Asker: 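Dropping a structure here in structure tokens format, bear with me for questions.
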Number of protein chains: 2
Amino acid sequence: MNPIKQITQQLISLNIRPSFQRIKVLEYLIDHQTHPSADDIYKALVSTIPTLSKSTVYNTLELFIEKGLVKPLMIEENEALYDIILEQHGHFKCTSCGSIFNFDVSLTLPSDDTLLGFKIVDQNVCFKGICNKCLMNT
Amino acid sequence: MNPIKQITQQLISLNIRPSFQRIKVLEYLIDHQTHPSADDIYKALVSTIPTLSKSTVYNTLELFIEKGLVKPLMIEENEALYDIILEQHGHFKCTSCGSIFNFDVSLTLPSDDTLLGFKIVDQNVCFKGICNKCLMNT
DNA sequence: ATCATTGCAAACACTTTGCATACGC
DNA sequence: GCGTATGCAAAGTGTTTGCAATGAT
């Protein structure tokens, strides 16, 4: 089964009609796990789909979020980034070069009892600092 | 020493000229540790300072961030919230009632070595879920 | 007098909405 | 054919910018 077929199947299994645009957006997210913005995705796909509109990208991302396929990240102050959902992981943003790294994260629950009885659905961890590459260039 | 004097001193000690607007914004942040948005602050202060403009609120917040007095939070998808810096803590946002709670957080560093040699300057932890109050109302 | 701060309005950028067209079953 | 998806344009919203007026030392 070729990748496109596979992606199509994945969409169908989630009750998402596998339109060409949706397949391409999902394919992009799978191939580029680099926390792209809506605009990154749009710019990358508009050469393949010249008639593509941003609304469609936003619509598609929204749909993927609803279906639990994608998670929006609020790392940048001004725009949303999107992450295809794999295992739980944290993000590290280098404030020098702007790169965003994934890392395994194990959180020990709060030592106080503030969250006693709360239902935790989603855990976001984002560190900021300087990556070793940038540290070495200074 | 009354609170206003105290706030004035705090600003001066950080090399921030204690203008009336700045004092009021800082006073608001100290009195309302509820992660307000720029607009919340503006709306709350404009009755006391009728000529206040949003630019000033944004300017002031930006200045406070530079001076390490305030930290912007990207919890909401559309707007920035601001937190006066106390000790390190995580945030829990209830997706049902919208409340944001603080909690103590102890992070054990990543089990893999992705961040080996990185300089971590800032750690953000934000959980989402349902708070116990909302859980009980269902 | 000089320099910083303020406030207004306009500009910006990301995102959402309304609606007509086109597509797929 | 009918309901959904798409795409364009316009509107919306939070934030930033330019610049003149004001304020402080």
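In what follows, chains carry the letters A, B, and so on, assigned in the order in which the sequence lines appear, proteins first and then strands, with residues in each chain numbered from 1. Small disclaimer: the values here were computed from a predicted structure and weren't measured. When reading the values below, keep in mind they use all heavy atoms of this one structure, side chains included, and skip hydrogens, waters and symmetry mates.
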Asker: Quick check: on DNA chain D, is the nucleotide nearest B:Glu62 upstream (toward 5') of the one nearest A:Thr56, or the reverse? Name the residue that is more 5'.
Answerer: A:Thr56
Asker: Considering non-hydrogen atoms only, spot the tightest contact between A:Phe92 and A:Cys131 and give its length.
Answerer: CE2-N, 4.0 Å
Asker: What's the CG-P distance between A:Asp39 and C:dT16, to the nearest Å?
Answerer: 14 Å
Asker: Let me know the distance between CE of A:Met74 and P of C:dC14, rounded to the nearest Å.
Answerer: 12 Å
Asker: Ignoring hydrogens and geometry beyond distance, is a side-chain donor-acceptor pair present between B:Asn124 and B:Lys71 at under 3.5 Å?
Answerer: yes
Asker: Rounded to the Å, how far apart are B:Phe20 CZ and C:dG7 P?
Answerer: 10 Å
Asker: Quick one: A:Glu76 CD to C:dA13 P, roughly how many Å, whole number?
Answerer: 16 Å
Asker: Take atom CG of B:Asn78 and atom P of D:dA11, then tell me their distance rounded to the nearest Å.
Answerer: 21 Å
Asker: By nearest atom, which of the nucleotides D:dT15, C:dT5, D:dT6 is closest to the B:Ala80 side chain?
Answerer: D:dT15
Asker: If you check the B:Ile49 side chain, which of C:dT5, C:dG7, C:dT15 turns out closest?
Answerer: C:dG7
Asker: When all nucleic acid strands are considered with a 4.0 Å heavy-atom cut-off, which category describes A:Ser55: base, sugar-phosphate, or nothing?
Answerer: base
Asker: If you only use heavy atoms from C-beta on, which nucleotide in D:dA5, C:dA4, D:dT16 is closest to the side chain of A:Arg17?
Answerer: D:dA5
Asker: Calculate the interatomic distance between A:Asp40 atom CG and C:dC14 atom C1'; express it in whole Å.
Answerer: 13 Å
Asker: Can you confirm whether A:Ile75 sits close enough to A:Ile100 that some side-chain heavy atom of one is under 4.5 Å from a side-chain heavy atom of the other?
Answerer: yes
Asker: Using heavy-atom distances to pick each residue's nearest nucleotide on DNA chain C, tell me which of A:Lys54 and A:Pro18 is more 5'.
Answerer: A:Lys54
Asker: Using a cut-off of 4.0 Å on non-hydrogen atoms, how would the nucleic acid contact of A:Gln21 be classed: base, sugar-phosphate, or nothing?
Answerer: sugar-phosphate
Asker: Looking only at side-chain N and O atoms, does A:Thr56 offer a donor or acceptor that is under 3.5 Å from a partner on A:Asn59?
Answerer: no
Asker: DNA chain D: B:Glu79 or A:Thr51, which has the more 5' nearest nucleotide?
Answerer: A:Thr51
Asker: In whole angstroms, how far is the P atom of D:dC8 from the CG atom of A:Leu52?
Answerer: 9 Å
Asker: Above 12 or not: heavy atoms from other molecules or residues under 6.0 Å from NZ of A:Lys119?
Answerer: no
Asker: Measure the distance from CZ on B:Arg22 to P on C:dA4 and round it to the nearest whole Å.
Answerer: 11 Å
Asker: Side chain of B:Tyr58, heavy atoms from C-beta onward: which of D:dT16, C:dT6, C:dT15 has the nearest atom to it?
Answerer: D:dT16
Asker: Is B:Ser37 near enough to D:dG14 that one of its side-chain N or O atoms lies under 4.0 angstrom from OP1 or OP2?
Answerer: no
